[in-house]
Amino acid sequence: MVNLTTRIKKSKAMIRLVRPIEVNASNLIYPIFIREDEKTFGIPSIRGQNYLSLDGAVDACHKAVELGIPAVMIFGILKEKNEDGSIALHNDFHTRVFRRLKKEIGEDLVLISNICLCEYTTQEFCVYSENGKVLNEKTAEMLAKIAVIHAKAGADVVAPSAMCDGQVRHMRRALDDAGLEDVPVMSYFKTDTCLFQPFFEAITLSDAPRVGVDSSKFRADIINAKMFMQKVDLDVSEGADMVIVKPALTNLDLILKVKQKYPALPIAAYQVSGEYAMINLLAEHAHVNQDAFLMETLSSIRRAGADMILSYNALEAADLLKKA
Ligand SMILES: [Zn+2]
């Protein structure tokens, strides 16, 4: 007997026809690392990705546009950091980056700026803290100042990623006060995970251990969806225009929860450095087809409800989609 589910799987074309959603290049965001010292080499902890010079970043952006990718997430790596991260306010590297990319690429690509203290402080920690306590207001005020500088230089979207309370409120107010009412805030939501480790090694300037409060004090407990949603509710109430759930694969249910609670809110999921390693190294270690696994992960993230996916494999995925 032929039943309904068999009939709609009759051919590849039929399977495509009945898909409610797909993975398209237009869903992808490519994260890039740009170095102020212009040194370009493979990122040891994120094997397969390179540190870019500003010229290299221009080329990467053109490549993304060619492949139909509409956005990049920018991580700037300064030559130096300082103790309180105030270097963010007078170093002009990010300003040069956004001006140049905007000038060369124009409106073809959305430039998203990752805004976090770890890019600027010598301790390379995401939040300010004192005696084991997160200093939310101090952190959020600083993030807001950095966001205004980046937005003025040409960042289309600012993405606070410290997970401190009030980061959206401060950023929205500072942007509005600076006449940047049209710059959206894309707020990050992270569960406390070990999967960020390759990324942290990628943005680290020294081998010194990170000093600061335990990350469990500002990220959400992985098993506690209520805690995660509480933070989403807070940031949405403060005016977050878009959200990023991070990591993706371990938080598929949380992506769905956010989608169900806020159906009109654009949701991104970040396939983080640890997930990237999982995809790329599994092929080496277990004969898994790397391209197929990559597309499976992206499909499952889309199915969970993500409109956008940040992936270090964005170029490879867009290329595969083009050939499909
Ligand atoms: Zn950070």
Side-chain angles (χ1 to χ4, degrees), residues 29 31-36 43 45-46 51 73-78 80-89 91 93-94 97 112-130 133-147 149-150 155 157-168 170-171 185-206 208-220 222 228 231 235 240 243-248 251 268-276 310 312:
I29 301 171
I32 55 175
F33 298 86
I34 313 173
R35 292 180 72 101
E36 185 184 16
I43 303 174
S45 61
I46 313 182
Y51 289 116
M73 174 69 83
I74 310 277
F75 296 95
I77 300 175
L78 302 185
E80 281 179 82
K81 304 185 182 190
N82 67 357
E83 202 175 329
D84 62 358
S86 58
I87 195 162
L89 308 180
N91 175 297
F93 179 57
H94 285 82
V97 166
I112 309 172
S113 181
N114 180 79
I115 314 269
C116 201
L117 293 188
C118 55
E119 285 180 57
Y120 307 100
T121 59
T122 36
Q123 293 121 346
E124 299 180 319
F125 223 71
C126 301
V127 294
Y128 289 126
S129 63
E130 202 172 67
K133 285 185 186 164
V134 176
L135 300 175
N136 281 311
E137 292 293 300
K138 188 179 173 190
T139 305
E141 275 172 25
M142 185 59 165
L143 298 178
K145 284 180 191 165
I146 300 169
I149 293 170
H150 294 192
V157 177
V158 285
S161 85
M163 277 285 283
C164 68
D165 288 353
Q167 62 181 12
V168 175
H170 279 271
M171 208 167 269
V185 175
M186 189 175 200
S187 195
Y188 274 97
F189 298 92
K190 304 174 186 176
T191 45
D192 202 21
T193 176
C194 56
L195 292 172
F196 296 155
Q197 186 57 28
F199 169 87
F200 279 128
E201 287 175 25
I203 63 152
T204 292
L205 293 185
S206 76
R210 283 165 176 261
V211 186
V213 290
D214 190 320
S215 58
S216 64
K217 292 195 177 175
F218 52 96
R219 295 189 198 134
I222 181 124
F228 187 90
K231 180 71 168 91
D235 283 19
V243 298
I244 305 176
V245 177
K246 184 180 182 180
N251 292 324
Y270 201 138
Q271 187 166 67
V272 302
S273 53
E275 295 174 83
Y276 173 80
L310 294 107
Y312 299 105

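One-based numbering, in listed order, for ligands and for the atoms of each.
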Worksheet item: What pairs with Lys81 under salt bridge (charged side-chain N to carboxylate O under 4.0 Å, His left out), at least two apart in sequence or on another chain?
Response: Glu124
Worksheet item: Which residues pass the salt bridge (charged side-chain N to carboxylate O under 4.0 Å, His left out) test with Lys145, sequence neighbours left out?
Response: none
Worksheet item: Looking only at heavy atoms, what is the nearest atom pair of Glu83 and Gln123, with distance?
Response: O-OE1, 3.5 Å
Discussion item. Angle between ring planes, Tyr312 versus Phe33, binned at 30° and 60°: parallel, tilted or perpendicular?
Written reply: parallel
Discussion item. Taking side chain to side chain donor-acceptor pair (under 3.5 Å) as the definition, give me every residue that meets it alongside Asp165, ordered by chain and number, with sequence neighbours left out.
Written reply: none
Discussion item. Under a 3.5 Å threshold, yes or no: a donor from one side chain and an acceptor from the other, between Asn114 and Tyr188?
Written reply: yes
Practice prompt. Take the Zn ion (ligand 1) as the centre and count protein N, O or S atoms at distances under 2.8 Å.
Written response: 3
